[in-house]
Amino acid sequence: MSPWLPVHPAQLVFGLVIWSGWFVLLYGGLSVACELVPPAEKRGAMTWLNGLILLLGAALAVFLLWLARRCWRAAPASDQGTDSGRFVARIAAGVYLTSALAAFALTLPSVVMAPCL
Amino acid sequence: MTNRTNQPAEELHQELERVWGNQPGWRAGSAVNHTTVGLRFLVTGLGFFLVGGLLAMLVRTQLALPEQDIIGPELYNQLFTMHGTVMMFLFAIPVLEGAAMYLIPKMIGTRDLVFPRLSALGYYCYLFGGLIILSSLVLQIAPDAGWFMYTPLSNAEFSPGEGPDFWLLGITFVEISAISAGVELVVSILRTRANGMALNKMPIFCWYILAMALMIIFGFPPLILGSILLELERAAGWVFFDVAGGGDPLLWQHLFWLFGHPEVYIIFLPAAGIVSTLIPVFAQRPLVGYRWIVLAIIVMGFISFGLWVHHMFTVGIPQLALAFFSIASMLVAIPTAIQIFAWLATLWIGKVAFRLPMLWVCGFLMVFVAGGLTGVMLALVPFNWQVHDTHFVVAHMHYVLVGGMLFPLVAGFYYWLPHVSGRMPSDTLGRWGFWLFFGGFNMTFLLMHLTGLLGMPRRVYTYDAEMGWGWLNLLSSVGGFVMAIGVAVIILDITLHFRFGRKAECNPWNADTLEWATPMPASAYNFASLPDIDTRHPMWEHPDLPHTIEQGHHGLGEVMYERRDIFGSDAITGRVREVIHLPTNSWLPLQTAAVIAVVCVSLLVKAYTVALIALCGVLFFALRWSWHNGAHPVASPWREDDPVDPPLHSRTFDGPGLWGMVVSLMANGTLYVSLLFGWFYLWTAAPQWSMPAQAPISLWSLLASGTALVLAVVVYRRGVAQLRNGSDAPLQGALWLATGLGALHVGLLVWVLISAPLAPGDLAHDAVLTVMLYYLLLHGSLASILTALQALRVRIGYVSLRLPYEPVVVQPFWIYTLGVFWMSFAAFVVLPMVWGAG
């Protein structure tokens, strides 16, 4: 079975793997950006960096939501109707949904906080 | 999978006992059986718990009154360092691993863990490592830099004694045990469940343990790497954490807490698994929200890796980055809350019997929720700054760890005690134990929140009377002793019950899970026959299971060729795929662990020649171990009447060894990624990081070495591919050729290392680069040696078309070696050349 199918157990962790990658990128990328191209401090939260973080966070959240929907829709008919396939697809949908919320939640502080202080 | 045999039950039992049982007397040291090893973990862990508790009592005695001088500052530092170290590394994790090792095979309906000798090795590593760490206390040279061993306090300049060396080497030794348990549990849960036990039919406890085991795989390697680097800095003078040489002490904090925060959840998850198992039993109804809980477990496992910086809020990280970690720290409360509400809902709609284990579960709910709430408070950066390094944090930590781990653990002890002893504990003594412990605990730590809010810092051996903390500390100390009396009563109860406890009837709590279908006390083989399982509640839906299992009415109800056979099943559906033949009792785990202990002690006393010889001994025993495998005469030689449906695992291409290799490589990969993290962290954040103007490594030699490695992997893979396609004629030649190319790769790497003007004692850049080169060297060498052994085994006839298993297991190791080589080439050589050298 391909791990990309909504009923494959790998789907149980993909959403949070993506979230983890986003988290590392956010933390590491912020440090690098502040080192190499720091926005002016006086602009507060109104900087290109904050905008980029929010934009990327929103895009990622939408992508994860789409994956959640894909798993949810696959669930009733999954794996020729066996319990384990449906079980995996339902939980994977929950994991993607949670990952979407968590990915976007991480970006929220950039609405109000200066990036490099 | 039924195979009713005509063998009488008693005869079958005797035969199984002979094959699966331990050797008598002193030869029991060779035991590998999961029941024995699990119980050894538990008993040893409890021994360490008593030592840790004693240290805590000494600490509380010293702090009971202001301006006391019972214990001097030096000894006090050793006491609190060792208390934390013993409780976290030698008690909490090993005991939970032991409980998991004991329970998992019984819950999933099999006879043993999938790599029994690995379990035994893990136990001996734990025992020897723990004794090495404790010996420092006896020798009065115990580590005194805190259980987190922060640099620069723990470096050779500020801690010139051997204390930190004991910690670093001993903990690394103990962590071999944790990683082996992690690998063992992951593969066992995924590949050896009862026939038909699909993922959604797994007992909830198995989900918790699966998550815990995977978290160990990914959580422990950063600390192992950090410990190796710090020990290299202390013993060999290499620079990693010293600012003057381009290092950074904060790198240690990152590596430590990358392990340290997930560790809290590694401890919490199995304990929560106990709660999720017990509540439905005492409420006599299925757990509410099974799916929600599985979701919460997965989410918690991941998010807990994103919280490590909340231990470092005061070190000077940009505010926005702090906010990311603050949010993540609050997010993790959500999956915790899901579980708590599911437990409450189960209790709400059930008819709860408040038996002794439930008392401890209730204690857990109260204490842990309080600890969780102060955790949310600490996730808020401004509040965290205010109470940083005060007794408030100590109180929070104990509420979370004791509430989240010890209360459920004791609940579990009482619950599964009849399973181990066949007898019931005393309700009266047990209740006394609970109330003394519960009252003493809250007296100690509830008040400690206030002590912290009033400003008392952690890790001070005394305080002035005028600070006004005296009465709070006195009450906390009294509470500590009340708690200790509670522990004594529990130990008394458990000890007495072995002699005076009422005989337990079959399934005494009317539980739903399969471990209660095994004999009580547990037999060496768990199940006389292996049942099909199509429900989450087998004992509720099929209460006659203990009888039919005992009568041999289910699968594998006979002994073949004295083999220890279990079913191997599909990871998703749980359908049987093969018969796994497990290794029997062996001294190899003890021998290997003993020689590792010699390496450890030799390094401590700086007898490096002895350490090198002992290291060769480790390699010898490990290879001997791998040799006695598969179709070797002491394992399972090929026979005409080998079963074919399902086949023996060593006659397939996808046995549990392959899974074990892949899971081990995940841990190995995490260690490597931690090294990469260290490299990039120092490069971007170390205040005085510098790179030599000229790349110190010969690019062309490294490229030549990499080319030899690529060729070795191509040849190896071709050999395996032809084996898969039904031809084993070219296999031996391919393996020898891959060995030769691997040796060439290693030789060129050695040349690179010798010819490079690296100065790891002066420059962090060179130190990290040297570690990376040794890492590659180790992997190239190991891959070549393993392949040479495979070639020999083909020659002897242990590997062939009919026995194709082993080359498939080694293949991922080659691919991994290739991957890390080129990743290292890109990150450590090419990237600095194109971006930032000089």
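Values below: every heavy atom of this structure, side chains too, minus hydrogens, waters and symmetry copies. Values in this document were obtained by computation on a predicted structure and should not be read as measured data. Residue numbers begin at 1 in each chain, while the letters A, B, ... track the order of the sequences.
Across Phe680(B), Trp207(B), Phe305(B), the residue that shares the most heavy-atom pairs under 4.5 angstrom with chain A is Trp207(B). Options Ala198(B), Ala323(B), Pro335(B) differ in how many heavy-atom pairs under 4.5 Å they form with chain A, and the most are formed by Ala323(B). The most heavy-atom pairs under 4.5 Å with chain A, out of Ile334(B), Thr684(B), Leu199(B), come from Leu199(B). Your options are Val13(A), Val32(A), Ile91(A), and the one with the most heavy-atom pairs under 4.5 Å with chain B is Ile91(A).
Of the atoms belonging to Ala45(A), not a single heavy atom falls under 4.5 Å from chain B. Proximity to chain B is limited to the side chain of Leu36(A), based on heavy atoms less than 4.5 angstrom apart. Proximity to chain B is limited to the side chain of Leu30(A), based on heavy atoms less than 4.5 angstrom apart. For Phe677(B), no part lies under 4.5 angstrom from a heavy atom of chain A. Looking at Ile53(A), only its side chain comes within 4.5 Å of chain B, counting heavy atoms on both sides. Proximity to chain B (any heavy atom under 4.5 Å) is shown, for Ser110(A), by both the backbone and the side chain. Of the atoms belonging to Val17(A), heavy atoms from both backbone and side chain fall under 4.5 Å from chain B.
Here the side chain of Asn384(B) pairs a donor or acceptor atom with the backbone of Leu378(B) at under 3.5 angstrom. The main-chain N or O of Asn200(B) is never found under 3.5 Å from a side-chain atom of Asp83(A) such that the two would form a donor-acceptor pair. In this structure a side-chain-to-backbone donor-acceptor pair under 3.5 Å is present from Ser569(B) to Arg193(B).
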Q) side-chain contact (heavy atoms from CB on, under 4.5 Å) between Trp308(B) and Phe325(B): does it pass, once the steps are laid out? A) CA-CA 8 Å; Trp308(B) 83 93; Phe325(B) 287 95; 3.7 Å; yes

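Checked by atom type, the side-chain pair Trp689(B)/Asp248(B) shows no donor-acceptor distance below 3.5 Å.
A ring-centre distance under 6.0 Å is not found for Trp66(A) and Tyr96(A). Taking the six-membered ring for Trp and the full ring otherwise, the centers of Trp19(A) and Phe302(B) sit at least 6.0 Å from each other.
Annotation: cation-pi pair Arg536(B)/Tyr290(B) present, NZ/CZ under 6.0 Å from the ring centroid and within 45° of its normal.
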